[in-house]
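Everything on this sheet refers to the single structure shown next.
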Amino acid sequence: MNPSALNSPTSPPHTSAAPAAPDLADHADASDAPQFAGSVDVAAVADAANVAEAPAAAAGPLAPDSVEHAVPAHLPLGPLTTSELHGVASRSQIREHYRRMWHGMYRRVDQLDDLALRSRALARDWPRGVLRGRSAAVFWGDDSSPADTLPEIWLPSTRHSRPGRIFRYGALPAVAVTEFDGMRLTTPLRTCRDLAVDLDFEDAVVSIERLCAMVAELPAQIRAAAEHPSGRRGRRFATVVRACDPRSTSAFASRIRLELAKAGFDRFRHGHQVRLLHGTIEVPLVDTDARCVVYPVPAPASPAVRHATRVSGDTGLNGSAGHSGSRASTRIRSEKTIERHRGWLQEAGWTVLVVRESSREPPAVFGSRSQSRWRLRCCRLRQCREWAGERSSSGCAGAGRAMAGYRDPATGLGRSHE
């Protein structure tokens, strides 16, 4: 592979808008659980998982104007240019059933105004451009982008900046460009390189893990590229790749693992299989030395988001709009599976933590209440890290086997004793 496809520089982004601060809206079911059989304290682990940032992924896209808004079936979905729209709809229909995304580009009112739709619109505005960064990642399967992420495109020559869009320039070799669904976008490998350079460390790790989960050959490609880092910030790319675990099942699970690692619990891994008397089960996040399993449970999408997803249909490489009823049934089955596996694991002496995302709704305004909650969570995270450091320095070991079958009435989790 041509290394220039990975290492070609690009200029800083040109934009006149900034993303909003994320909200923190997750909690752990076992925040007050006691010590378990191993070298890690359950309360500290639960607290560390509890302060995982409400992932930008959990915020979800901006909801359509109305779930009940009746749109005639013959009206096409966006993005549509002004000339296209006037060719298929009357002025009254445009006023009632369409909303402007930016100058000259429109969407239907029952469509999600999300990154995928805005990226498609940007690609239509600039057919010679190449979608890159998170705009390319969303079509390769990344679902971790914040709701207010701006669409991003590489252009062969400079242009005046536009509100709500990011333009980048510089060398981009042809080997780093491919086509998908009529759009030009960077290859998965080049997209990972751009994400590692452009995003914060945690966001880059989560995004690359989501791409690895969707593109089968990508983990081997990024490992090979990271063995010989070169070019602009090549060492950072290698560092991000070393922190990635391609077996992660969701962006929420990835962020929990990273928060646990920052708090001192760096032995949790994804995709481990545990052999029990009832059979072999695969657990999403586990520390085998401490015999502790974490089940991340993402929040369900809101009714408005589910409705707009059904309307919009497929938007990604392996994405599927699905049906709200089938997704609800799948979630119920998943909850039952977690409860069944938790009972089996506790009977075998494991400790199980279930970390739930409380909401996928984006915050209306990042006001004083959200800022206070942000400061409180950050304070708790610092206290958890200090506690973890004191325990590791004192050489505190495990405190015996967990009592099989016993459950805490408050948390529903098994306890351990001396």
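Predicted, not measured: the structure shown is a model, and the values here were computed from it. Any value given below was found using the heavy atoms of this structure, including those in side chains, with hydrogens, waters and symmetry copies removed. Throughout, residue positions are numbered sequentially from 1 according to the sequence presented.
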Test your reading of the model: is there a side-chain donor-acceptor pair from [X] to the backbone of [Y], 3.5 Å cut-off?
X: Q111; Y: R108; result: yes
X: R99; Y: R95; result: yes
X: R236; Y: A196; result: yes
X: S254; Y: S250; result: yes
X: T191; Y: T187; result: yes

Is the shortest side-chain heavy-atom distance between [X] and [Y] below 4.5 Å?
X: L75; Y: V88; result: no
X: V240; Y: F201; result: yes
X: R134; Y: P146; result: yes
X: H341; Y: I338; result: no
X: R162; Y: D125; result: no
X: V205; Y: L258; result: yes

Please determine if [X] and [Y] form a salt bridge, counting it only when a charged side-chain N lies under 4.0 Å from a carboxylate O.
X: R168; Y: E152; value: yes
X: R118; Y: D114; value: no
X: R120; Y: D181; value: yes
X: R269; Y: D245; value: no
X: E259; Y: K262; value: yes
X: R255; Y: D203; value: yes
X: E209; Y: R247; value: no
X: E335; Y: R356; value: yes
X: E84; Y: R124; value: yes

Are L353 and V293 close enough, and set up right, to give a side chain to side chain contact (heavy atoms under 4.5 Å, CB included), and what steps lead you there?
-> CA-CA 6 Å; L353 304 177; V293 174; over 6 Å; no
Apply the test side chain to side chain contact (heavy atoms under 4.5 Å, CB included) to residues V354 and V297: give CA-CA distance (whole Å), side-chain angles for both, the deciding distance (0.1 Å), then the verdict.
-> CA-CA 7 Å; V354 179; V297 182; 3.7 Å; yes
Quick check: closest heavy atoms across [X] and [Y], and the distance to 0.1 Å?
X: W350; Y: R291; result: NE1-NH2, 3.1 Å
X: A123; Y: I153; result: CA-CD1, 4.4 Å
X: S144; Y: V206; result: CB-CG1, 3.7 Å
X: C244; Y: I208; result: SG-CG2, 3.8 Å
X: V286; Y: V283; result: CB-CG2, 3.7 Å
X: L85; Y: Y106; result: CD2-CG, 3.6 Å

Between atom [atom1] of [X] and atom [atom2] of [Y], what is the distance when rounded to the nearest 0.5 Å?
X: S119; Y: L131; atom1: OG; atom2: CG; result: 5.5 Å
X: R132; Y: L155; atom1: CZ; atom2: CG; result: 11.0 Å
X: L80; Y: R100; atom1: CG; atom2: CZ; result: 15.0 Å
X: L211; Y: D142; atom1: CG; atom2: CG; result: 5.5 Å
X: L185; Y: F139; atom1: CG; atom2: CZ; result: 7.5 Å
X: W344; Y: Q346; atom1: CH2; atom2: CD; result: 13.5 Å

Is it possible for you to check whether R193 lies under 6.0 Å from the centre of the six-membered ring of F237, through NZ or CZ, and within 45° of that ring's axis?
->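 Yes, a cation-pi geometry holds between R193 and F237.
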Are R165 and W102 in a cation-pi setup, meaning NZ or CZ lies under 6.0 angstrom from the ring centre and within 45 degrees of the ring axis?
->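 Verdict for W102: a cation-pi partner in R165.
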Measure centre to centre between the rings of W154 and F167, then say whether the value is under 6.0 Å.
->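 Aromatic pair excluded; centres sit 6.0 Å or further apart.
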Verify the distance criterion only: is there a donor paired with an acceptor across the side chains of H270 and R257 at less than 3.5 Å?
-> yes
Check I166, L117, L122 against P151 for a side chain to side chain contact (heavy atoms under 4.5 Å, CB included) and give me the one that passes.
->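 With P151 as partner, side chain to side chain contact (heavy atoms under 4.5 Å, CB included) holds for just one option, L122.
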Are C292 and F268 close enough, and set up right, to give a side chain to side chain contact (heavy atoms under 4.5 Å, CB included), and what steps lead you there?
-> CA-CA 9 Å; C292 178; F268 281 88; 4.0 Å; yes
